[in-house]
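Throughout, numbering of the chain's residues begins at 1 and tracks the sequence. Each ligand, and each atom within it, is numbered from 1 in the order the structure gives. Atom set for the values below is all heavy atoms of this structure, side chains included, hydrogens, waters and symmetry mates excluded.
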Amino acid sequence: MSVKGILLVGGKGTRLMPLTKHTPKPMLEVAGVPFTAHQLAKAKAAGITEIALATSYMADVFQPYFGDGSALGMKIHYAIETEALGTGGAIKNASKVLDLKPGDSVVIFNGDVLSGHDLKAQIDFHKNSKAAVTLFLTEVADARAFGCVPLDAEKNVLAFLEKMENPVTNLINAGCYIFDSSVFELIPSEIVISVERETFPDLLNRGLVVKGFVDLSYWLDIGTPAALITASKDLVMQKLISPATPKNDGFALIANDATLGKSTKISGGSVISKGVFIGDGCEIIGTIIFEGAKIGDNCRIISGIVAPNSKIPANTSTTSEIIGY
Ligand code: GTP
């Protein structure tokens, strides 16, 4: 009875365009490494060593980077959808590359959630409750922008409700769910399905036990430019610890071969990637500067993302989220 994983990394990431034009969202660097590296590290820390990446959009960029997973002490499989199958279809497709046995559990991660939740405790809760599915739920101040997930006193999920003006609870699906292996048989093959809108309500209609595991630790959906910047800053400044974050001083993460001009200051959890050149007298705060960018003298950049290989003219002062794209 082992615990395996599926990581959903095949979405288009439209909210992050143009960052996702040439790089899929899960491969964008957050605190100096592709976001997926943080999730693999989280899975491994919870004891998951075999995982399938469910890929579709720009599927061919994952394997060259992560290989068979042995460098991470994991076994990584790749499940490729030639046509995107939606979250439910992707889960079904990826389950086929894992050699699942009755009684196995599979942890499914949305590829764009950064969380500090206690995954080991979620797995234990799932096993002890013998649920078909156990969802990690978090609480938001205003649930109107989300579907909400009401629970009873025994943590049974009562419904999956669509967005509404007066949500009945502030608990929302936080994008990490554990399936008993029997659940995969209930999802049809080769058709587009949403796990949130179709599979989960279907499980309740069938009378299966679906539990909610509530954990209110750090949680962030990195799907927008502002959220991506926040995630990167929070990891560098150690608001959230990820074993995949490269060593740094807690103020900034600066590649060894980056060039910084005289009296240039870098702070606020900024990331300065490989081959970046920054001129004299610049101030860079809470900003991600991607590989090979060149920043002229006396620039002030706050909470931005600077495009790879872009050239930012001297004296630029900006608080834009996306720069040089
Ligand atoms: P937006 O287009 O900006 O909403 O982002 P997205 O494409 O990532 O969609 P969304 O945030 O709804 O997706 C949640 C997670 O599921 C992300 O990790 C996606 O990569 C993943 N995902 C969404 N659709 C698919 C799909 O059709 N196939 C696969 N393999 N993964 C998907």
Side-chain angles (χ1 to χ4, degrees), residues 4-30 34-43 51-63 65-66 76-98 106-115 117 119 133 135-138 140 145-147 149 160 162-163 172-179 184 187-200 219-231 305 321-322 325:
K4 296 180 178 174
I6 292 175
L7 189 46
L8 297 174
V9 290
K12 278 225 163 80
T14 42
R15 289 169 297 157
L16 276 170
M17 282 291 179
L19 307 182
T20 43
K21 200 166 167 202
H22 303 295
T23 309
K25 174 165 60 175
M27 287 303 285
L28 287 172
E29 287 195 1
V30 173
F35 187 65
T36 296
H38 294 292
Q39 288 190 304
L40 291 172
K42 182 173 176 95
I51 199 157
L53 299 197
T55 65
S56 173
Y57 178 63
M58 300 186 76
D60 52 356
V61 302
F62 293 89
Q63 193 156 6
Y65 190 92
F66 294 107
I76 299 180
H77 306 273
Y78 297 86
I80 301 169
E81 298 145 49
T82 33
E83 297 284 336
L85 291 172
T87 46
I91 290 169
K92 173 72 177 186
N93 191 53
S95 69
K96 294 176 187 167
V97 303
L98 294 171
V106 181
V107 179
I108 298 159
F109 300 84
N110 273 11
D112 51 2
V113 167
L114 181 63
S115 94
H117 88 284
L119 179 53
V133 170
L135 289 98
F136 159 36
L137 304 179
T138 190
V140 289
F146 302 87
V149 186
F160 291 92
E162 298 280 344
K163 289 177 198 173
I172 61 158
N173 172 5
C176 177
Y177 7 92
I178 307 179
F179 278 27
F184 297 102
I187 308 176
S189 282
E190 303 299 332
I191 58 166
V192 177
I193 302 176
S194 156
V195 72
E196 299 87 354
R197 287 190 297 279
E198 296 169 79
T199 311
F200 290 149
W219 181 82
L220 186 65
D221 170 352
I222 63 141
T224 62
L228 191 85
I229 295 166
T230 301
I305 300 176
E321 284 164 356
I322 295 182
Y325 278 88

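At least one N/O-N/O distance between Leu8 and ligand 1 falls below 3.5 Å. Between Pro26 and ligand 1, no pair of N/O atoms sits closer than 3.5 Å. The shortest N/O to N/O separation between Asn110 and ligand 1 does not fall below 3.5 Å. Ligand 1 has an N or O atom lying under 3.5 Å from an N or O atom of Gly13, backbone or side chain. For a threshold of 3.5 Å applied to N or O pairs, the pair formed by Leu16 and ligand 1 contains no separation below that value. Close N/O approach between Lys12 and ligand 1 is found [any backbone or side-chain N/O within under 3.5 Å]. Ligand 1 has no nitrogen or oxygen under 3.5 angstrom from a nitrogen or oxygen of Ser56.
Scanning both residues, Glu321 and Ile229, for their nearest heavy atoms gives O-CD1, 4.1 Å. Lys96 and Ser189 get closest at one heavy-atom pair: NZ-OG, 2.9 Å.
Under the 30°/60° scheme for interplanar angles, the aromatic rings of Phe160 and Phe200 are found to lie parallel.
Interface of Asp112 with ligand 1, defined as ligand atoms under 4.0 Å from a residue heavy atom, comprises 8 (O), 11 (O), 14 (C), 17 (C), 18 (O). Ligand 1 places these atoms under 4.0 Å from at least one heavy atom of Ala84: 27 (O). Here is the list of ligand 1 atoms found below 4.0 Å of a heavy atom in Thr14: 1 (P), 2 (O), 3 (O).
For the pair Val9/Pro24, no side-chain contact is recorded, criterion being any heavy-atom separation below 4.5 Å from C-beta on. Looking at Leu85 and Lys92, their side chains never come closer than 4.5 Å, going by heavy atoms from C-beta outward. Phe184 places none of its side-chain heavy atoms less than 4.5 Å from the side chain of Leu98. For the pair Leu119/Phe136, no side-chain contact is recorded, criterion being any heavy-atom separation below 4.5 Å from C-beta on.
Remark: minimum distance from atom 28 (N) of ligand 1 to any protein heavy atom is reached at Glu81 OE1, 2.9 Å. The single protein non-hydrogen atom nearest to atom 9 (O) of ligand 1 is Lys25 NZ, 4.5 Å, given as residue, atom name and distance. Protein heavy atom nearest atom 32 (C) of ligand 1, with residue, atom name and distance: Gly11 N, 3.5 Å. For atom 16 (O) of ligand 1, the closest non-hydrogen atom on the protein side is Thr87 CG2, 3.6 Å.
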TODO: Show your working on side chain to side chain contact (heavy atoms under 4.5 Å, CB included) between Thr199 and Ile193 and close with a plain yes or no.
DONE: CA-CA 8 Å; Thr199 311; Ile193 302 176; 3.6 Å; yes
Open item on the list: Walk me through whether Ser95 and Val106 qualify under side chain to side chain contact (heavy atoms under 4.5 Å, CB included).
Closed with: CA-CA 9 Å; Ser95 69; Val106 181; over 6 Å; no
Open item on the list: With side chain to side chain contact (heavy atoms under 4.5 Å, CB included) as the criterion, how do Phe35 and Leu28 come out once you've worked through the C-alpha distance, each side chain's angles and the decisive distance to 0.1 Å?
Closed with: CA-CA 6 Å; Phe35 187 65; Leu28 287 172; 5.8 Å; no
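Under the rule for a salt bridge (charged side-chain N to carboxylate O under 4.0 Å, His left out), the partners of Lys25 that lie at least two apart in sequence or sit in another chain are Asp112.
Compare Gly111, Gly86, Ala90 by their heavy atoms: the one nearest to atom 18 (O) of ligand 1 is in Gly111. Summarising the contacts of atom 29 (C) of ligand 1 with Ala79, Gly10, Gly89, the nearest heavy atom is found in Gly10.
Not a single heavy atom of Gly223 sits less than 4.0 Å from an atom of ligand 1.
For atom 4 (O) of ligand 1, the nearest protein heavy atom lies closer than 4.0 Å. Of the protein's heavy atoms, none falls inside 4.0 Å of atom 12 (O) of ligand 1.
Within the 4.0 Å heavy-atom criterion, the part of Leu85 lying near ligand 1 is the backbone and not the side chain.
To the nearest 0.5 Å, atom OG1 of residue Thr87 and atom CD of residue Glu198 are 8.5 Å apart.
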